[in-house]
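A short worksheet on the structure shown next.
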Amino acid sequence: ICLGTLAAALVVLLGASPVLAEMINLSGTAVTDDNRLLNGSRANWNYGTSVRIIPGYDTSGILERGIIRFDLSGSEFSGKYTNDPATLTFTVKADLGFTGRTLNLYLIDSSNAGWVEGTLGGSSAEVGSSCWNRKAYNTTDWVGGTGLGSPGGGGYGNTTIATYLCPSGLGDGSTFGLTISKDIINDWISNPSNNAGMLLRDSNETGWTSGNRRLNLYSSEEGTASRH
C-alpha cells in the first residue's frame, strides 16, 4: 500500500481469494490523514495541512509526535484481504540531529478513532480538530492523556509495530520503509470504524538538553507526488 506519504506510502497486495489479485498504492490527501502533535506552547495548535511531520525535539525543547491514518473503507477494499504485509514508506526532508536514534511506530487504540486531521498549518486549533492536548479541540480528550500518553497507557499500544534506526547520511529525498503486518491491514479493511491509525515518535523522549533532535519527514500534504 504505498499507504501514503509522509511521505508515507503504504503498498499492499489485496485479493478476494487466497491468490493475491492486485497491488494498490495509497498516497496523498484523498486517502491519508496525518497531523503533527506538538507540546508546550503549541499544545493547542493544529498542523493538519503542514507539509512535514517532524518527530522529536526542536531547538526550543518542544516535543513533536506524528499521527497517520490511511482510509481503507472504500469499495475497492470491501470483502478483500491481504496475505502479505504492507510497506509503509517515508520520504525524508532532513536529518536534524536524529542520527543513531530510533523512530517507533505504534498502533493507536481504537478508543481514539475518529480524530480529525484539521485544516490549519500551525495555529490555534479549530473546534473539533486534533492537537497535542485533545483528540477534538475543546470537546474531547485523547484516551491515554495528552499527546496520547505513554505506551500501553490506553492511548496506543504497549509494543511497537515497527521501528527504524536512523543512519547517518540521510538527505532530502532519502526514503525508508517500515513493514506493517497483514493482520493490521486486514483489520482496517474489516473494521474501518476502529481504524485510529498510527503514532510515530522518538523511542526515547527523555534527556533533551539543547538543539534539534528530530527527523524531518514529508507529509501527505507535500505537493510533489513522489514525496508523499
Side-chain angles (χ1 to χ4, degrees), residues 2-10 26-29 31-40 42-58 62-71 88-98 101-109 112-113 115-122 125 129-135 142 144-151 155-157 160-166 170 174-178 180 184 195-205 208 212-222 227-228:
C2 213
L3 254 166
T5 162
L6 270 93
L10 185 56
L26 299 182
S27 65
T29 57
V31 292
T32 313
D33 290 314
D34 46 50
N35 192 15
R36 302 168 61 184
L37 306 181
L38 281 71
N39 73 358
R42 309 287 179 86
N44 288 322
W45 285 28
N46 176 259
Y47 290 84
T49 61
S50 174
V51 297
R52 307 282 187 270
I53 288 182
I54 318 176
Y57 280 95
D58 71 9
I62 289 178
L63 176 63
E64 177 170 341
R65 296 172 172 179
I67 52 176
I68 312 156
R69 180 180 60 216
F70 292 95
D71 183 5
L88 176 63
T89 302
F90 291 87
T91 300
V92 176
K93 171 61 177 174
D95 175 3
L96 303 173
F98 209 77
R101 302 193 67 81
T102 299
L103 277 179
N104 279 0
L105 188 69
Y106 294 90
L107 199 63
I108 299 176
D109 192 83
N112 279 318
W115 54 267
V116 174
E117 178 185 56
T119 62
L120 302 176
S129 65
S130 56
C131 59
W132 178 276
N133 274 345
R134 292 193 163 183
K135 171 185 164 182
W142 291 109
T146 57
L148 286 90
S150 302
Y156 59 98
T160 61
I161 59 172
T163 64
Y164 178 70
L165 177 62
C166 182
L170 291 182
S174 298
T175 62
F176 63 90
L178 301 178
I180 309 299
I184 291 173
N195 179 7
M198 298 166 285
L199 174 73
L200 187 68
R201 51 159 286 183
D202 187 344
S203 65
N204 183 358
E205 295 176 335
W208 177 88
N212 270 312
R213 200 180 80 182
R214 52 190 184 150
L215 188 60
N216 190 340
L217 306 170
Y218 287 104
S219 83
S220 63
E221 309 294 327
E222 164 60 32
R227 291 175 172 169
H228 66 68

Next item on the list: Would you check, one step at a time, whether the test side chain to side chain contact (heavy atoms under 4.5 Å, CB included) holds for Phe90 with Leu103?
Entry: CA-CA 12 Å; Phe90 291 87; Leu103 277 179; over 6 Å; no
Checklist line | Heavy-atom side-chain proximity of Ile161 to Ile180 below 4.5 angstrom | finding: yes
Exercise: identify the closest heavy-atom pair between [X] and [Y]:
X: Asn112; Y: Gly155; value: ND2-O, 3.2 Å
X: Ile67; Y: Ser130; value: CD1-OG, 4.1 Å
X: Tyr156; Y: Ile108; value: CB-CA, 3.9 Å
X: Ile54; Y: Glu64; value: N-OE2, 2.7 Å
X: Tyr218; Y: Val92; value: CE1-O, 3.5 Å
X: Ser129; Y: Gly118; value: CB-CA, 3.8 Å

Could you pull out all residues at least two apart from [X] that satisfy side chain to side chain donor-acceptor pair (under 3.5 Å)?
X: Asp95; result: Thr99
X: Asn39; result: none
X: Thr160; result: none
X: Tyr106; result: Asn104

What is the distance from atom [atom1] of [X] to atom [atom2] of [Y], rounded to the nearest 0.5 Å?
X: Ile184; Y: Met198; atom1: CD1; atom2: CE; answer: 8.0 Å
X: Leu165; Y: Thr102; atom1: CG; atom2: OG1; answer: 4.5 Å
X: Leu217; Y: Phe98; atom1: CG; atom2: CZ; answer: 9.0 Å
X: Tyr164; Y: Leu178; atom1: OH; atom2: CG; answer: 8.5 Å
X: Leu170; Y: Asn216; atom1: CG; atom2: CG; answer: 11.5 Å
X: Leu200; Y: Arg36; atom1: CG; atom2: CZ; answer: 12.5 Å

Notebook entry, point to check: What pairs with Asn195 under side-chain contact (heavy atoms from CB on, under 4.5 Å), at least two apart in sequence or on another chain?
Noted result: Arg69, Trp188
Is it the case that the side chain of [X] and the backbone of [Y] share a donor-acceptor pair, with hydrogens and angles ignored and the cut-off at 3.5 Å?
X: Asn46; Y: Glu117; value: yes
X: Asn212; Y: Gly97; value: no
X: Thr49; Y: Gly121; value: yes

Next item on the list: Using a strict cut-off of less than 4.0 Å between a Lys/Arg side-chain nitrogen and an Asp/Glu carboxylate oxygen, indicate whether Arg65 and Glu205 qualify as a salt bridge.
Entry: yes
Checklist line | Any residue meeting salt bridge (Lys or Arg N to Asp or Glu O under 4.0 Å) with Asp202, in chain and number order, not counting sequence neighbours | finding: Arg101, Arg213
Item checked: From Leu37, Ile53, Asn35, residue fulfilling side-chain contact (heavy atoms from CB on, under 4.5 Å) relative to Tyr47 -> Asn35
Item checked: side chain to side chain contact (heavy atoms under 4.5 Å, CB included) between Phe70 and Leu88, worked out -> CA-CA 11 Å; Phe70 292 95; Leu88 176 63; 3.6 Å; yes
Check: So Glu221 and Arg52, salt bridge (Lys or Arg N to Asp or Glu O under 4.0 Å) or not? Walk me through it.
Finding: CA-CA 8 Å; Glu221 309 294 327; Arg52 307 282 187 270; over 6 Å; no
Next item on the list: Could you tell me how the ring of Trp115 sits relative to the ring of Trp142: parallel (under 30°), tilted (30 to 60°) or perpendicular (over 60°)?
Entry: tilted
Next item on the list: Verify side chain to side chain contact (heavy atoms under 4.5 Å, CB included) between Thr163 and Ser203, making sure each step is shown before the conclusion.
Entry: CA-CA 9 Å; Thr163 64; Ser203 65; over 6 Å; no
